[in-house]
Amino acid sequence: SLAGDAEGLAARLQRFAESGVPNYYGPQRFGRAYGNLEQADRLFAGRLSRVDRHLRGLYLSAARSQLFNEVLAARVARGDWHRPLPGDRMQLDGARASFLAEAPDETIRERAVRGDIHPSGPLWGQGDCLTAGAVAALEQEVLAPFAAWREGLERYGMRQERRPLRVNARQLQWEPEGEDSLLLSFELPAGSYATAVLRECVAIP
């Protein structure tokens, strides 16, 4: 059932349709009761000696995803998750291609407003940092408590990659169904989570 500020929800959905939503990994990525993260922690600490390749891949992906979510949550709290900052790695919408925006100019900012490019967050692994300046410093600060996880991901051969901090919910439509229901429909690119969109719908502004 739907309860609360219907007009406020409609305004939020309109904003999502125009500006996108935070591209969090959904809870299903982390297993029941976040068990995949617990197993990843055991793996990195050397307390999980025997694990098959498939499960190990799940645990590594879960840890990587949590580190990304930590950075995204920090950017959301700052209010700049959708805006290019000096040193951001900007990723093209719907593509893996990216570029470093050391000093975002008006063209880059306009492309970000249109949803053509997005600031990105880290998928941790071996290799050089893909951001610079203030963004690199912010990511290092946010992930400082997770040194063991970062070292573990590097030790198991993961490579530095990026993921957009924002996702465009395409064809986002909604309409009331009765007094306490809402029919919501949208399309997301592969790798993004519908639960992330629903999370924003019910989050406190």
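Just so we're clear, the structure is a prediction, and the values are computed from it rather than from any experiment.
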Exercise. Decide yes or no for R109 and R114: does some side-chain heavy atom of the first lie under 4.5 Å from some side-chain heavy atom of the second?
Key: no

Quiz prompt | Shortest non-hydrogen contact between N168 and L188, atoms and distance | solution = O-CD2, 4.1 Å

Quiz item: Who are the salt bridge (charged side-chain N to carboxylate O under 4.0 Å, His left out) partners of R111, not counting sequence neighbours?
Solution: D116

Quiz prompt | Backbone N/O of E154 and side chain of Q126: donor-acceptor pair under 3.5 Å | solution = yes

Self-check item: S120-R89 side chain donor-acceptor pair, cut-off 3.5 Å
Solution: no

Quiz item: side-chain contact (heavy atoms from CB on, under 4.5 Å) with P164: which residues, sequence neighbours excluded?
Solution: N23, Q91, H118

Self-check item: Shared hydrophobic cluster, L37 / L153 (ILVMFWY, side-chain heavy atoms < 4.5 Å)
Solution: yes

Quiz item: Are Y34 and F44 connected, step by step, through hydrophobic side chains (Ile, Leu, Val, Met, Phe, Trp, Tyr) whose heavy atoms are closer than 4.5 Å?
Solution: yes

Quiz item: Rounded to the nearest 0.5 Å, how far apart are CG of N36 and CG of L55?
Solution: 8.5 Å

Self-check item: Contacts of R56 that satisfy side-chain contact (heavy atoms from CB on, under 4.5 Å) - sequence neighbours left out
Solution: L43, V51, R53, L60, Y156

Self-check item: Co-membership, hydrophobic cluster, residues L130 and L67, 4.5 Å side-chain
Solution: no

Practice problem: In sequence, state the C-alpha distance, the side-chain angles, and the governing distance for E70 and Q66, and then conclude on side chain to side chain contact (heavy atoms under 4.5 Å, CB included). | Solution: CA-CA 6 Å; E70 294 285 340; Q66 182 61 30; 2.9 Å; yes

Exercise. State yes or no: do L85 and I108 share one hydrophobic cluster built from I, L, V, M, F, W and Y residues joined by side-chain heavy-atom distances below 4.5 Å, directly or via other members?
Key: no

Quiz item: At what distance, to the nearest 0.5 angstrom, does CD1 of I117 lie from CD of E110?
Solution: 10.5 Å

Exercise. Go through the steps to decide whether R64 and R163 satisfy the test side chain to side chain contact (heavy atoms under 4.5 Å, CB included), and finish with yes or no.
Key: CA-CA 11 Å; R64 236 179 159 202; R163 170 184 170 88; over 6 Å; no

Quiz item: Do any N or O atoms from the side chain of R96 and from the backbone of L92 form a donor-acceptor pair under 3.5 angstrom?
Solution: no

Quiz prompt | OG on S61 to CG on L123, rounded to 0.5 Å | solution = 9.5 Å

Quiz item: Taking only residues two or more places apart in sequence, or in another chain, which ones meet R166 in a salt bridge (charged side-chain N to carboxylate O under 4.0 Å, His left out)?
Solution: none

Quiz item: Residues sharing L100's hydrophobic cluster, by side-chain heavy-atom contacts under 4.5 Å among ILVMFWY, directly or via others?
Solution: none

Quiz item: What residues, two or more places apart in sequence or in another chain, satisfy ring pair (Phe, Tyr, Trp, His ring centres under 6.0 Å) together with F186?
Solution: none

Quiz item: Can you name the residues that form a ring pair (Phe, Tyr, Trp, His ring centres under 6.0 Å) with F68, not counting sequence neighbours?
Solution: Y25

Exercise. Would you list the pairs meeting salt bridge (charged side-chain N to carboxylate O under 4.0 Å, His left out) in which at least one residue belongs to residues 122-149, sequence neighbours left out?
Key: E139-R162

Practice problem: Hey, could you give me each pair passing ring-ring contact (aromatic ring centres under 6.0 Å, His included) that has a residue in residues 78-100? Not counting sequence neighbours. | Solution: none

Quiz item: A101 and P104: which non-hydrogen atoms are nearest, and at how many Å?
Solution: O-CD, 3.7 Å

Quiz item: Would a distance-only check, ignoring hydrogens and angles, find a side-chain to backbone donor-acceptor pair under 3.5 Å from R75 to P119?
Solution: no

Self-check item: Which residues share a ring pair (Phe, Tyr, Trp, His ring centres under 6.0 Å) with F146, sequence neighbours left out
Solution: W149

Quiz prompt | H54 NE2 to Y59 OH distance, which is reported to the nearest 0.5 Å | solution = 9.0 Å

Quiz prompt | CA sep, side-chain torsions, deciding dist, call: W124, E161, side chain to side chain donor-acceptor pair (under 3.5 Å) | solution = CA-CA 7 Å; W124 199 267; E161 297 178 282; over 6 Å; no

Exercise. For A196, enumerate each residue passing the side-chain contact (heavy atoms from CB on, under 4.5 Å) test, keeping only those at least two apart in sequence or located in another chain.
Key: Y24, Y193

Practice problem: Kindly compute the distance separating CD (Q39) from CG (L58), expressed to the nearest 0.5 Å. | Solution: 11.0 Å

Exercise. Mind checking salt bridge (charged side-chain N to carboxylate O under 4.0 Å, His left out) for R159 and listing every partner two or more places apart, or none if nothing turns up?
Key: none

Self-check item: Heavy-atom pair with the smallest gap, counting every atom of P27 and T195
Solution: CD-OG1, 3.8 Å

Quiz item: Which value, rounded to the nearest 0.5 Å, describes the distance between T131 atom OG1 and M90 atom CE?
Solution: 12.5 Å

Practice problem: Verify the cluster assignment for V167 and V71: are they in a single hydrophobic cluster under the rule of side-chain heavy atoms below 4.5 Å apart? | Solution: no

